Amino acid sequence: MAEEEGFEKAHHHEEEEDKKKKKETMMSPWEQHSAVISIPRYDYNAPSSLLHHSLSGFLITCTIKREKSATKEAISILDKVKYVGSCSNADSGNLDNSDDNATKRRKICPEDDQDGETKTASNNSGKTSGTCLSPEMPDTNLDSGHVLSLVKLTRSGLLLFTFPRNTPADTVGIVSNIMESVESGISKSPLWCHRIFPIQETCSLNEKELQTVVSKLVFQFMNDKQHKVSHPVKFAVGYNRRGIEETELKIVKDTSNGSDKFALLDRNKCFGVVAAAVKTAVSDSVVDLKSPEFSVLVELLPLSGVPNGSLVVAVSVLPQNLVNTKPRLCIKALVCDSKAKGGKH
């Protein structure tokens with residue numbers, strides 16, 4: 001009798017295992033990814049902080065309607081290269097290691113809860129608390145114990161992570177290392193994340209603040225002995241009004257009542273301000289769109305939960321090895337453009 005009961009239990013266990021395996025094979029890519037890494041929650045204090053302070057971080061383009069998968073993939077990439085979480089046991093050069101310990105390595109803020117799911121940028125309804133990620137960056141000046149925040153945006157196909165205020169993070173160096181790992185074949189190309197734009201500073205989109213930030217970053221670039229430049233120094237300027245379509249831009253201009261608050265939404269005006277700031281920092285400089293020695297990239301951030309008319313941009317000065325000049329000036333892709341699907345990036 002005992003043997004029969006044991007057989008029935010074993011048979012029942014096998015049936016349950018078969019059902020579980022069958023369910024796993026039917027899981028969508030997002031559900032499979034979800035089983036590996038818990039997705040962080042939005043930090044709803046971050047947009048307000050961006051309005052008043054300069055922050056560094058990463059703006060990531062990804063496949064539209066795959067923001068959740070891209071978020072987890074981005075966390076995994078940063079985890080594996082020791083830029084997020086305590087990764088003392090991780091292989092810092094390989095992004096393809098098992099994700100089994102990814103959640104354990106991630107530090108969660110006390111008020112956070114990982115059990116729920118984050119809404120995609122295309123669906124702005126609902127509100128969740130903010131999960132923060134703990135960066136440990138031995139290759140940079142960032143001390144352990146700080147956190148990265150996931151910031152909610154109003155456009156699909158974009159992810160924004162920011163460091164806290166006054167956190168020294170070499171975001172350009174981080175992205176450079178990630179690109180080298182992918183390009184060398186040490187790491188596989190990401191599935192969902194297309195480009196990682198390293199944000200050195202943020203500021204409000206007005207002439208005074210933009211000039212100050214650009215001049216500061218150009219001075220830093222020129223004073224870095226790693227960068228060898230010729231004279232005159234060749235530079236280029238890129239401006240991405242991401243999230244502001246032409247029709248929306250016209251509405252903004254029509255409702256501004258002649259105010260210059262939105263003047264820098266005009267591409268030519270913004271280029272002029274940035275170029276003047278570069279000239280202030282390096283008088284011996286010329287514009288060269290074909291082979292710039294450094295590029296000033298300005299990205300308009302479509303922040304959610306900020307007052308109407310509040311415009312914030314991310315600014316970085318990047319070396320030539322991190323940018324493409326054709327067909328347009330932008331940060332290099334992590335994957336071939338032919339593989340990047342889901343819209344314009």
Side-chain angles (χ1 to χ4, degrees), residues 50-57 59 170-172 175 197-246 248-250 252-253 256-303 309-332:
L50 282 162
L51 290 177
H52 300 97
H53 308 291
S54 177
L55 303 181
S56 61
L59 181 65
D170 181 13
T171 56
V172 174
V175 172
F197 175 69
I199 300 172
Q200 291 181 297
E201 301 241 1
T202 61
C203 68
S204 295
L205 187 59
N206 63 66
E207 185 170 339
K208 182 180 179 180
E209 290 193 34
L210 186 59
Q211 281 189 330
T212 300
V213 169
V214 171
S215 295
K216 173 185 174 182
L217 294 178
V218 172
F219 271 125
Q220 290 177 358
F221 181 91
M222 295 299 295
N223 290 331
D224 188 337
K225 295 181 180 180
Q226 295 182 45
H227 301 133
K228 305 297 182 182
V229 296
S230 59
H231 291 280
V233 182
K234 296 179 288 185
F235 74 95
V237 179
Y239 180 30
N240 195 341
R241 298 175 302 191
R242 197 181 299 280
I244 300 293
E245 307 299 336
E246 292 301 323
E248 294 173 296
L249 182 59
K250 185 177 184 302
V252 169
K253 288 181 176 179
S256 61
N257 295 323
S259 170
D260 62 354
K261 182 178 180 180
F262 304 105
L264 294 193
L265 282 176
D266 181 83
R267 192 178 301 276
N268 292 331
K269 175 66 174 176
C270 185
F271 283 162
V273 170
V274 173
V278 173
K279 289 284 187 179
T280 300
V282 186
S283 58
D284 185 19
S285 59
V286 294
V287 174
D288 188 325
L289 301 180
K290 293 183 178 179
S291 56
E293 292 170 289
F294 69 82
S295 298
V296 183
L297 298 188
V298 180
E299 290 267 356
L300 187 62
L301 300 177
L303 299 174
S310 299
L311 302 176
V312 176
V313 291
V315 185
S316 286
V317 174
L318 304 178
Q320 58 188 155
N321 66 301
L322 291 186
V323 300
N324 287 328
T325 57
K326 294 181 179 180
R328 61 188 177 87
L329 186 65
C330 63
I331 187 78
K332 280 186 177 179

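Keep in mind that this is a model prediction, so the values were computed, not measured.
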Which atom names give the shortest non-hydrogen contact between [X] and [Y], and what distance separates them?
{"X": "S215", "Y": "A281", "answer": "O-CB, 3.9 Å"}
{"X": "P232", "Y": "E293", "answer": "O-OE1, 4.0 Å"}
{"X": "V315", "Y": "L217", "answer": "O-CD1, 3.7 Å"}
{"X": "F221", "Y": "V229", "answer": "CE2-CG1, 4.2 Å"}
{"X": "V172", "Y": "L318", "answer": "CG2-CD2, 3.7 Å"}

Does the side chain of [X] reach to within under 4.5 Å of the side chain of [Y], using non-hydrogen atoms?
{"X": "L300", "Y": "L311", "result": "yes"}
{"X": "V237", "Y": "C270", "result": "no"}
{"X": "T325", "Y": "P292", "result": "yes"}
{"X": "T171", "Y": "I199", "result": "no"}

- Query: For K332, does the NZ atom have more than 12 heavy-atom neighbours from other residues, nucleotides or ligands under 6.0 Å away?
  - Reply: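 Counting neighbours around NZ of K332, more than 12 heavy atoms of other residues, nucleotides or ligands fall under 6.0 Å, so yes.
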Exam field: side chain [X] to backbone [Y], donor-acceptor pair closer than 3.5 Å:
{"X": "S204", "Y": "V312", "value": "no"}
{"X": "S285", "Y": "V233", "value": "no"}
{"X": "S316", "Y": "Q200", "value": "yes"}

- By side-chain hydrogen bond (donor to acceptor under 3.5 Å, both in side chains), which residues pair with H227, not counting sequence neighbours?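 Once residues adjacent in sequence are excluded, H227 has no partner under the side-chain hydrogen bond (donor to acceptor under 3.5 Å, both in side chains) criterion.
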- Output all residues satisfying salt bridge (Lys or Arg N to Asp or Glu O under 4.0 Å) with E201, sequence neighbours left out; order by chain, then residue number.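 Listed in chain order: K216.
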